[in-house]
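Written out below as structure tokens is the structure these notes cover.
Bear in mind the structure is a predicted one, so any value in this text is a computation, not a measurement.
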Amino acid sequence: MKQLDERLKSHYPQLSPQEQRVADFVFDHFDDLIGYNSAELARLSGVSKATVSRLFKRLGYEKYKDMRDELRTLRQSGMPLTDNRDAVQGNTLLSRHYKQEMANLTQWVSAIDPGQFGEVVQQLARCKRIFIIGMRNAYPVALHFRQQLQQARGGVMVLPQPGQTLAEELVEMTPDDTVVVLAFRRRPRIIKPLLLALQGRDIPTLVICEPQAQAVIALARWQLCTPLDSVSAFDSYASANSLINLLANALLHESLSEGRQRIHHIADLYGQLDELEWR
């Protein structure tokens, strides 16, 4: 099924001048469209509500609300939604981006449970090994999380390794280990069976995901949620990386003496191997 922007483009030459005014407004405000009802869209486009209704029926929607429901469903699934035209430029886009990022940060910081966060940090400090699992968009976040934790403690691994499966790794995990599953939306189907398997083996598990992922949240011992909302076509992982930074710093302070000693040893090895440019 064609998305709204594709339908508008294919029908555009056949639209009346008034309908084209609505189409032009939609192209220029595509990311905000979910927030407008039909009366608001008519007013902002400078046409009648009947014109708006006629246009969306021409595009194949029984009523305007059906189009909004379709966009909302696609956006919540993580499907990139945007017009190919660079409609919002310069300071306007920068301002909207900044406001959304700040809203995301405020949301997860306000919602975090200090008691649960403290339990997670203690668990990451005392467990034998940490396995971080991230796939698709979660994989770069998983790599960064492992790099941060590795500064403060050993025994931190990212799974799956390229080209490998999870079963061989899962069979060796014990309740002395901890698994962190990064499960952002548009998740691979294996995530739920994986969480159920970890649950069945009584392996302590933390899931990091967006707040809407209730089915995933229920399958882990601990849950830390970060919004992924963005003003652009793609999800933002700034909040997820901010949470990772907080967890890594909290872990370092949980075992500060050992962590500092490890950091100094790593720095000595950097020098011996001449791996980093310090200037």
Side-chain angles (χ1 to χ4, degrees), residues 1-90 92-97 99-101 103-104 107 135-138 183-192 209-217 225-239:
M1 179 186 297
K2 288 186 177 180
Q3 292 184 27
L4 173 60
D5 60 332
E6 295 174 329
R7 297 190 197 190
L8 279 172
K9 288 172 185 174
S10 63
H11 283 78
Y12 193 89
Q14 290 78 45
L15 300 180
S16 70
Q18 292 293 89
E19 290 171 339
Q20 286 183 351
R21 290 184 67 175
V22 181
D24 290 340
F25 183 89
V26 169
F27 282 134
D28 290 341
H29 301 82
F30 198 84
D31 293 321
D32 298 326
L33 193 58
I34 293 176
Y36 300 135
N37 60 36
S38 59
E40 290 169 331
L41 181 58
R43 177 176 58 81
L44 293 168
S45 303
V47 302
S48 68
K49 188 175 177 181
T51 298
V52 171
S53 178
R54 186 166 56 249
L55 170 61
F56 285 95
K57 283 186 177 179
R58 186 195 294 269
L59 296 177
Y61 299 97
E62 185 175 343
K63 51 185 179 297
Y64 181 82
K65 181 178 180 297
D66 294 340
M67 178 277 297
R68 293 177 72 193
D69 289 344
E70 176 185 281
L71 289 183
R72 188 175 292 109
T73 298
L74 288 173
R75 190 67 188 87
Q76 289 175 350
S77 73
M79 181 78 72
L81 291 178
T82 189
D83 166 39
N84 290 331
R85 295 163 56 170
D86 187 13
V88 185
Q89 300 176 354
T92 301
L93 176 58
L94 179 61
S95 175
R96 292 173 62 220
H97 174 79
K99 289 177 181 177
Q100 185 60 67
E101 294 295 330
N104 288 350
Q107 181 179 335
M135 303 177 191
R136 301 190 78 248
N137 291 339
F184 302 127
R185 61 189 172 196
R186 305 201 80 193
R187 293 167 279 276
R189 294 185 185 277
I190 195 174
I191 292 296
K192 287 184 182 178
C209 60
E210 73 279 7
Q212 296 83 4
Q214 294 302 312
V216 170
I217 288 171
C225 299
T226 61
L228 307 178
D229 298 333
S230 167
V231 299
S232 69
F234 304 104
D235 287 336
S236 171
Y237 299 95
S239 291

| task | Kindly give the heavy-atom pair with the smallest separation between Gln18 and Gly46, and that separation in Å. | result | NE2-O, 4.2 Å
| query | NE2 of His11: more than 12 outside heavy atoms within 6.0 angstrom? | reply | yes
| task | Flag the pair Met135 / Ile190 as yes when at least one side-chain heavy-atom distance between them is below 4.5 Å, and no otherwise. | result | yes
| request: For the residue pair Leu228 and Phe184, establish whether any side-chain heavy-atom pair is separated by less than 4.5 Å. | output: yes
| task | Report the distance from atom CG of Leu55 to atom CZ of Arg7, rounding to the nearest 0.5 Å. | result | 11.5 Å
| said: Could you tell me if the side chain of Val47 sits less than 4.5 Å from the side chain of Phe25, heavy atoms only? | reply: no
| message | For a quick test of reading the model, state the closest non-hydrogen atom pair linking Ser230 to Ser236 and the distance between them. | response | CB-N, 4.1 Å
| remark: Minimal heavy-atom distance between Leu41 and Phe56, with the atoms involved, is CD2-CE1, 3.8 Å
| Side-chain touch Arg186/Asn137, heavy atoms, less than 4.5 angstrom | no
| query | At what distance, to the nearest 0.5 angstrom, does CG of Asn104 lie from NZ of Lys99? | reply | 14.5 Å
| query | Do side-chain atoms of Glu210 reach the backbone of Arg185 as a donor and acceptor pair under 3.5 angstrom? | reply | yes
| note | What one should report as the nearest heavy-atom pair of Tyr64 and Ser38 is CE2-N, 3.4 Å
| message | With a sphere of 6.0 Å drawn around CD of Gln14, does it hold more than 12 non-hydrogen atoms of other residues, nucleotides or ligands? | response | yes
| said: Between Glu40 (side chain only) and Asn37 (backbone N and O only), is there a donor and an acceptor less than 3.5 Å apart? | reply: yes
| Distance in Å, Arg58 CZ paired with Ser53 OG, rounded so as to fall on 0.5 Å steps | 12.0 Å
| Exercise: identify the closest heavy-atom pair between Pro227 and Ser239 | O-CB, 3.8 Å
| Does a donor on one side chain sit under 3.5 Å from an acceptor on the other, for Asp24 and Gln20? | no
| Minimum heavy-atom distance Tyr36-Arg68, with the two atoms named | O-NE, 3.2 Å
| task | Find out whether Ser45 and Val52 are in side-chain contact, i.e. whether some heavy atom of one side chain is under 4.5 Å from a heavy atom of the other. | result | no
| query | Side chains of Tyr237 and Thr226: does their closest heavy-atom pair fall under 4.5 Å? | reply | no
